[in-house]
Engineer: 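The structure is given below, and queries will be raised subsequently.
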Protein chains: 2
Amino acid sequence: MSHTLGIRQAQKQKTRQALMDAALELLADQSLSSLGLREVTRAVGVAPTAFYRHFDSTADLGVALVEEALGSLHAVISRLLTATWDSDERIARTVELIADRVGSHPAHFRFIARERHGGVRAVREAIGAQLDLFTEEVRAAISQDPAAEGWSDDDLLMLAGLYVEHMVLTASALLTTAPEDVPRAMRLAERQLRLVSLGRRHWLD
Amino acid sequence: MSHTLGIRQAQKQKTRQALMDAALELLADQSLSSLGLREVTRAVGVAPTAFYRHFDSTADLGVALVEEALGSLHAVISRLLTATWDSDERIARTVELIADRVGSHPAHFRFIARERHGGVRAVREAIGAQLDLFTEEVRAAISQDPAAEGWSDDDLLMLAGLYVEHMVLTASALLTTAPEDVPRAMRLAERQLRLVSLGRRHWLD
DNA sequence: CATTCCAGAGAACAGCTGTTAACTGGATGA
DNA sequence: TCATCCAGTTAACAGCTGTTCTCTGGAATG
């Protein structure tokens, strides 16, 4: 599986990653639509023209960043969803997971929150597609639950959408929360999820 | 109350409004952090330097746009909240109101959704402050409701936050919905609100 | 070993940017 | 009527932008 790359390809990937890392850092206080290609190459210490060996444009780089930020999350989320905990435990674990990821990769989540409704269409769409994927995965998971008995597919999708949106919202809230207030923000997110779960339990009344 | 402005002040306000309108239009496919002052003045047909007679920077203009987009909404929301309808009716009216406003001022809502997590701190904060205001207003309104008996202030704020976030979410969803799918999106938003209301009703169980 | 390949460098391009300074001419107020 | 004010203009500044073409030197290939 793991084919050893030649020195040349390895170097190329290293430069590509350096460009993506630098871009992510520069995006801490600006939006993608104002990110210049020269700005990125300057930060890496590489000629402006080298950029074109890796990306067509900064928009293209943005799409690659979406994959980097959200691609690896599917596996983690799926594992969480298939575990069989009771409702409160699952809620706590979910919020913990989000807080952990936000804590270890803040720039990625900042990027996603910022560009989700941002000025670059291709990136917006890439993020939307990833979130739709998450929504479908969540829908599949909760449809297995005995509590989903009698639910229409449409209602399941509605609920899954609510969960996914809330995850994004929580991540973005945690980003703008001072470290000492993180526990409070986590408890807030948990209460909101608990309220939604209550609504879910009485949906068919 | 309505003091007649001199010709000079009237002209100044007219130019200022033209700058804001042009900016809003240009922001349809870019973020504020990439909006140039020359770009705006060019669109209006005015010298670049004239910009400084009205705003310090494009960020300053952005803050003014936040006020324009959300300032007038408080009165409308308050009126809606104090009306005494039953739960389902209120939900339907709320979603209708949002759909109406989004339909008549799409650029304003696009701007808010885009810059809520955008790259310009001052604008992010201005939007956050406005949303906090809405949250407090909603909290005050639902605390009057008999259903709020026994609720802690913290829980009321949590629920109000959920409602406000959902309004923003619905507005942004309606923006990216094709006209023929708007009714479907509205019904989806209503079902989500109904689920939250169910959770609310059973919160103290 | 000789050849091909290709990531990155270098230089140059037209055109854009925010900001300054000094100005004009019509509305304003005494 | 006449002096003052001030929204908008003109010109110029240094510095930035994306994109092109040409070149180079070390890795890959046979």
Side-chain angles (χ1 to χ4, degrees), chain A residues 2-23 25-65 115 118-123, chain B residues 2-23 25-65 115 118-123:
Chain A
S2 73
H3 187 293
T4 307
L5 274 60
I7 313 185
R8 200 137 117 192
Q9 290 206 34
Q11 262 300 338
K12 182 171 184 181
Q13 279 215 356
K14 206 171 143 189
T15 305
R16 183 187 150 99
Q17 190 60 50
L19 288 169
M20 289 173 68
D21 292 348
E25 201 165 329
L26 289 165
L27 287 171
D29 34 33
Q30 65 179 309
S31 306
L32 184 63
S33 78
S34 65
L35 183 70
L37 124 199
R38 291 186 105 107
E39 203 179 344
V40 179
T41 55
R42 196 186 312 126
V44 174
V46 113
T49 47
F51 187 91
Y52 292 107
R53 300 282 177 199
H54 302 276
F55 306 102
D56 286 343
S57 60
T58 50
D60 191 25
L61 190 163
V63 172
L65 281 176
E115 301 304 328
V120 182
R121 170 187 282 252
V123 171
Chain B
S2 74
H3 187 296
T4 307
L5 274 59
I7 319 183
R8 206 140 101 179
Q9 291 205 37
Q11 263 300 338
K12 182 171 185 181
Q13 278 214 356
K14 206 171 146 191
T15 305
R16 183 187 150 98
Q17 191 59 49
L19 288 169
M20 290 174 67
D21 292 349
E25 200 165 330
L26 290 165
L27 287 172
D29 35 32
Q30 66 181 307
S31 306
L32 184 62
S33 77
S34 64
L35 183 70
L37 128 196
R38 290 186 106 107
E39 203 178 343
V40 179
T41 55
R42 197 185 312 126
V44 174
V46 113
T49 47
F51 187 91
Y52 292 108
R53 300 281 176 201
H54 303 276
F55 307 103
D56 287 342
S57 60
T58 51
D60 191 25
L61 190 163
V63 172
L65 281 176
E115 301 304 329
V120 182
R121 170 187 282 252
V123 171

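We name chains A, B, ... by the order of the sequence lines, and we start the count at 1 in each one.
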Engineer: Show every side chain to side chain donor-acceptor pair (under 3.5 Å) that has at least one partner inside residues 36-45 of chain A, sequence neighbours left out.
Structural biologist: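 Sorted pair list: A:Q30-A:E39.
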
Engineer: Tell me, please, the opening and closing nucleotides of DNA chain D, 5' to 3', among those with an atom under 4.0 angstrom from a non-hydrogen atom of chain B.
Structural biologist: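 The contacted stretch runs from D:dC5 to D:dA12.
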
Engineer: C:dG18 C1' sits how many Å from B:H54 NE2, rounded?
Structural biologist: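 So the two atoms are 17 Å apart, to the nearest Å.
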
Engineer: Classify the nucleic acid contact of A:S57 as base, sugar-phosphate or nothing, counting any heavy atom under 4.0 Å across all strands shown.
Structural biologist: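 The residue A:S57 makes no contact with any strand.
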
Engineer: Where along nucleotides 23-30 of chain C does protein come under 4.0 Å, by heavy atom, of base (B) or sugar-phosphate alone (S), with - for untouched nucleotides?
Structural biologist: ---BBS--

Engineer: What is the nucleic acid contact for B:R16, judged by heavy atoms within less than 4.0 Å: base, sugar-phosphate only, or nothing?
Structural biologist: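 Nothing, no nucleic acid heavy atom in range.
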
Engineer: Run the side-chain contact (heavy atoms from CB on, under 4.5 Å) test against A:A43 and tell me which residues pass, sequence neighbours left out.
Structural biologist: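 Checked A:A43 against side-chain contact (heavy atoms from CB on, under 4.5 Å); matches are A:A22, A:L26.
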
Engineer: Below 4.5 Å, heavy atoms only, C-beta onward: do A:L65 and A:L27 meet side chain to side chain?
Structural biologist: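 With C-beta onward as the side chain, the pair touches.
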
Engineer: What pairs with A:T15 under side chain to side chain donor-acceptor pair (under 3.5 Å), at least two apart in sequence or on another chain?
Structural biologist: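 Partners of A:T15 under the side chain to side chain donor-acceptor pair (under 3.5 Å) test: none.
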
Engineer: Quick one: side-chain contact (heavy atoms from CB on, under 4.5 Å) partners of B:A59, sequence neighbours excluded?
Structural biologist: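 B:A59 satisfies side-chain contact (heavy atoms from CB on, under 4.5 Å) with B:S57, B:V120 once adjacent residues are dropped.
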
Engineer: Using salt bridge (Lys or Arg N to Asp or Glu O under 4.0 Å) as the criterion, list what pairs up with A:R121, not counting sequence neighbours.
Structural biologist: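 With neighbours one apart ignored, the set is A:E125.
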
Engineer: Does B:R42 or A:Q11 map to a spot on DNA chain C nearer the 5' end, using the closest nucleotide for each?
Structural biologist: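 This one resolves to A:Q11.
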
Engineer: Whole angstroms only, please: what is the CG-P distance between B:D56 and C:dG18?
Structural biologist: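 In whole Å, C:dG18 P and B:D56 CG are 14 Å from each other.
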
Engineer: Compute whether any side-chain donor of one residue and acceptor of the other, for A:S34 and B:S34, lie under 3.5 angstrom apart.
Structural biologist: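 The criterion, which ignores hydrogens and geometry beyond distance, is not satisfied for B:S34 and A:S34.
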
Engineer: Which heavy atom in B:L37 sits nearest to a heavy atom in B:P48, and how many Å separate them?
Structural biologist: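 Minimum heavy-atom contact is CD2-O, 4.1 Å.
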
Engineer: Taking only nitrogen or oxygen atoms into account, show me every contact under 3.5 Å that the protein makes with nucleotides 10-13 of chain C, one pair per line with its distance.
Structural biologist:
{"unit_1": "C:dG10", "atom_1": "O6", "unit_2": "A:T49", "atom_2": "OG1", "d": "3.4"}

Engineer: Using whole Å, report how far CZ of A:F55 lies from P of C:dG8.
Structural biologist: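 Value for this atom pair: 11 Å.
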
Engineer: Identify, with sequence neighbours excluded, every residue that meets side-chain contact (heavy atoms from CB on, under 4.5 Å) alongside A:Q17.
Structural biologist: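 Per chain and number, A:Q17 pairs via side-chain contact (heavy atoms from CB on, under 4.5 Å) with A:M20, A:D21, A:E68.
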
Engineer: What pairs of residues pass the ring-ring contact (aromatic ring centres under 6.0 Å, His included) test when at least one of them lies in residues 33-63 of chain B, not counting sequence neighbours?
Structural biologist: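 Checked against ring-ring contact (aromatic ring centres under 6.0 Å, His included) - neighbours excluded - the pairs reaching residues 33-63 of chain B are B:F51-B:F55.
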
Engineer: Can you tell me if A:S31 uses its side chain to pair, donor with acceptor, with the backbone of B:S33 under 3.5 Å?
Structural biologist: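 Here the side-chain-to-backbone pair does not exist.
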
